[in-house]
Number of protein chains: 2
Amino acid sequence: MSENPLPILTYSEENYLKAIFHLSEEGKKGVSTNDISTEMKTRPASVSDMLRKLGDKSVIEYRKYYGVHITEDGKKLALQTIRKHRLWEVFLVEKLNFSWDEVHEVADELEHIKSKILIQRLDEYLGFPKFDPHGDPIPDEYGDVRSRPRLPLSEIEISGTGQIVAVKDSSAAFLRYLDKVGAYIGARIKVIDKVEFDGSIEILVDNKKSIFMSKEVVNNILIMQ
Amino acid sequence: MSENPLPILTYSEENYLKAIFHLSEEGKKGVSTNDISTEMKTRPASVSDMLRKLGDKSVIEYRKYYGVHITEDGKKLALQTIRKHRLWEVFLVEKLNFSWDEVHEVADELEHIKSKILIQRLDEYLGFPKFDPHGDPIPDEYGDVRSRPRLPLSEIEISGTGQIVAVKDSSAAFLRYLDKVGAYIGARIKVIDKVEFDGSIEILVDNKKSIFMSKEVVNNILIMQ
DNA sequence: ACTATTTTTTAGTATAGCCTAAATTAATAT
DNA sequence: ATATTAATTTAGGCTATACTAAAAAATAGT
């Protein structure tokens, strides 16, 4: 469709576009100025400014007062940034021994480094990983994503098993909690018991350790069976 | 002396400071606005602006119309940036198989990533290297530099030997030339002949290959004996 | 349907970093 | 020593990205 080369975005435009992409993934509706403002921690007025600019570069469709939709070009660019972010996360965790709750901020800086060849070589060096340390899929060069089928832990039946493949909430606090109880990405789990009235469950991790998890935690863990 | 924490610099201020540091290393006099302008590829008027800002942050001493001197704080900050730049160069060459003439631009971006812990872990991961791929010393966390004694290749006597440890000119064109003739950092050389009237010489590289080098090339190669 | 509230945009301001053109200061040459 | 030239700074402008306050549009409540 788009014959033209993708536009070049500034550091800041890239961040806004990434935020818009993530927000679009959630509710399938258009994304509101206020939501973006919250996500980006800037004022709505600043968001309006930026939306005009992103609209001019055709990475979003912008109708005043009615929120925005990301375009195909926008999606490609956002996925390129996400690819870089996640590859750097893999690097930080696997090569530099960062724990998975420490990598976000640093990757947020590294993702803006422009060199294409750098990312290709990094990808190769890391063995072409398909998922980041949080279990999120790494898009390929062309923005294609192979995601694995996943269910919230809360949907697994008693005595059902699976592997933790991702988390929804990736706040540092949550990740630290998971680390503490040994529920890392890739851990094999088995549901031992489910308590109906409060939504909490008991699971066995790696056939060794039994832990209790509250409904809040259970809702934020994704399982591949 | 300076009790206060070092100031935080913007991306652009960091680049100017690095340029001023490098220029100070050459002639031991104050650095002129024009020199900085040439180095940074910006106009002298922009340099004046920036000098005022860097002066306000006390990383340089700025006397209008008389050029600038870098302060102790400035030196520390510049060396931190240089440390990051050179560590990333080592990473790019040793881990990602970049050739040494490809690393400059990418390292110029990577050097601005702020995380302290990232640089510590990178340093560790690389095995605490003391020199970058061009043979330039990597300052430690505190800005201390252990440089090895080095002579320009032009000063080596006939039949004198040594190892190439650095280059003065590190333009991509020059580095590609060296690569082509096999004169990499670490190569062992022996001076076979020196031609007085044009300053060119003949050297033997790694006891195998004899090559001729013009005065221009010879002046830009540094040898450790 | 119409008012009150919320959301979004516009208008105007600030700062960073660049620019050109003009003014000023320093250096040089006779 | 003064006049010319060169280097540097100032003045004013531009763009990007933020902000606040005010205006305008959309939404919600009765």
Side-chain angles (χ1 to χ4, degrees), chain A residues 6-20 23-24 26-27 29-70 74 77-78 81 108-109 111-112 114, chain B residues 6-20 23-24 26-27 29-70 74 77-78 81 108-109 111-112 114:
Chain A
L6 298 176
I8 289 167
L9 303 186
T10 65
Y11 190 105
S12 201
E13 286 168 344
E14 253 176 36
N15 281 332
Y16 273 94
L17 187 61
K18 200 174 56 145
I20 292 166
L23 292 168
S24 319
E26 296 170 14
K29 302 263 144 211
V31 179
S32 78
T33 299
N34 260 2
D35 288 351
I36 300 170
S37 148
T38 305
E39 179 81 12
M40 292 295 297
K41 298 180 172 59
T42 56
R43 294 327 213 72
S46 312
V47 175
S48 287
D49 269 6
M50 184 53 86
L51 294 184
R52 196 185 30 71
K53 275 187 251 173
L54 292 176
D56 290 349
K57 294 196 175 181
S58 301
V59 296
I60 60 172
E61 245 178 78
Y62 176 38
R63 239 188 89 210
K64 275 184 201 171
Y65 293 103
Y66 286 93
V68 297
H69 291 268
I70 196 161
L77 285 173
T81 306
D108 270 341
E109 286 192 68
E111 76 188 11
H112 297 290
K114 284 180 213 47
Chain B
L6 298 176
I8 289 167
L9 303 185
T10 66
Y11 191 104
S12 201
E13 287 168 344
E14 254 176 35
N15 281 332
Y16 272 93
L17 188 60
K18 200 174 55 143
I20 292 167
L23 291 168
S24 318
E26 295 170 15
K29 302 264 144 211
V31 178
S32 78
T33 299
N34 259 2
D35 289 350
I36 299 169
S37 148
T38 305
E39 179 79 12
M40 291 296 296
K41 296 180 172 63
T42 56
R43 290 334 212 61
S46 312
V47 175
S48 288
D49 268 7
M50 185 52 85
L51 294 185
R52 195 184 31 69
K53 275 187 249 173
L54 292 177
D56 289 350
K57 293 195 175 181
S58 301
V59 296
I60 59 171
E61 245 178 78
Y62 177 37
R63 239 189 88 210
K64 274 185 200 169
Y65 293 104
Y66 287 92
V68 297
H69 291 268
I70 196 161
L77 286 172
T81 307
D108 271 342
E109 285 193 68
E111 75 187 11
H112 298 291
K114 283 179 213 46

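Lettering follows sequence order; numbering is per chain, from 1.
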Can you tell me if the side-chain N/O atoms of A:K64 get under 4.0 Å from OP1 or OP2 in D:dA26?
no
So does B:N34 get a side-chain nitrogen or oxygen closer than 4.0 Å to the phosphate oxygens (OP1/OP2) of D:dA6?
no
Would you compute the distance between atom CD of B:E39 and atom OH of B:Y16 and round it to the nearest 0.5 angstrom?
11.0 Å
Within this structure, what is the OG-NE2 distance for the pair B:S12 and B:H112, rounded to the nearest 0.5 Å?
8.5 Å
Mind calculating the distance between CZ (B:R52) and P (C:dT15) to the nearest angstrom?
11 Å
Taking any heavy-atom pair under 4.0 Å as a contact, classify B:S46: base, sugar-phosphate, or nothing.
base
Rounded to whole Å, how long is the line connecting atom NZ of A:K41 with atom P of D:dC19?
12 Å
Just the rounded figure in Å: distance from P of C:dA16 to NE2 of B:H112.
18 Å
Starting from C1' on C:dT9, measure out to CG on A:D49 and report it in whole angstrom.
9 Å
Rounded to the nearest 0.5 Å, what's the gap from CD1 on A:I20 to CD1 on A:I36? Could you check?
4.0 Å
D:dA24 phosphate, OP1 or OP2, under 4.0 Å from A:Y65 side-chain N/O:
no
Could you state the OH-P distance from B:Y66 to C:dT24, rounded to the nearest angstrom?
17 Å
Have a look at B:Y11 and say if it touches a base, only the backbone sugar-phosphate, or nothing, with a 4.0 Å heavy-atom cut-off.
nothing
N/O (side chain, A:Y16) to phosphate O (OP1/OP2, D:dA16) under 4.0 Å:
no
Quick check: on DNA chain D, is the nucleotide nearest B:S48 upstream (toward 5') of the one nearest A:M40, or the reverse? Name the residue that is more 5'.
B:S48
Tell me whether the side-chain N/O atoms of B:T10 come closer than 4.0 Å to OP1 or OP2 in C:dA16.
no
Pairwise 5' ranking along DNA chain D for A:R63 and B:G67, keeping only the more 5' one
B:G67
Determine: side-chain N/O of B:S12 to OP1/OP2 of C:dA16, distance under 4.0 Å, yes or no.
no
Any carboxylate oxygen within less than 4.0 angstrom of a Lys/Arg side-chain nitrogen, looking at A:K53 and A:E13?
no
Short side-chain N/O contact from A:R43 to OP1 or OP2 of D:dT20, under 4.0 Å:
yes
CD/B:E111 to CG/B:D108 distance, rounded to the nearest 0.5 angstrom?
5.0 Å
Could you give the CG-to-C1' distance, from B:L9 to C:dA16, as a whole number of Å?
14 Å
Rounded distance (Å) that lies between atom P of D:dT10 and atom CE of B:M50
16 Å
Integer-rounded Å distance: D:dA18 C1' and A:E13 CD:
14 Å
Can you tell me if A:Y62 touches the phosphate of C:dT8, counting only side-chain N or O atoms and a distance under 4.0 Å to OP1 or OP2?
no
Could you go through A:Y62 and A:M50, starting from their C-alpha distance and side-chain angles, then the distance that decides it, and tell me whether this counts as side-chain contact (heavy atoms from CB on, under 4.5 Å)?
CA-CA 11 Å; A:Y62 176 38; A:M50 184 53 86; over 6 Å; no
Would one find a side-chain N or O of A:S32 under 4.0 angstrom from OP1 or OP2 of C:dT7?
no
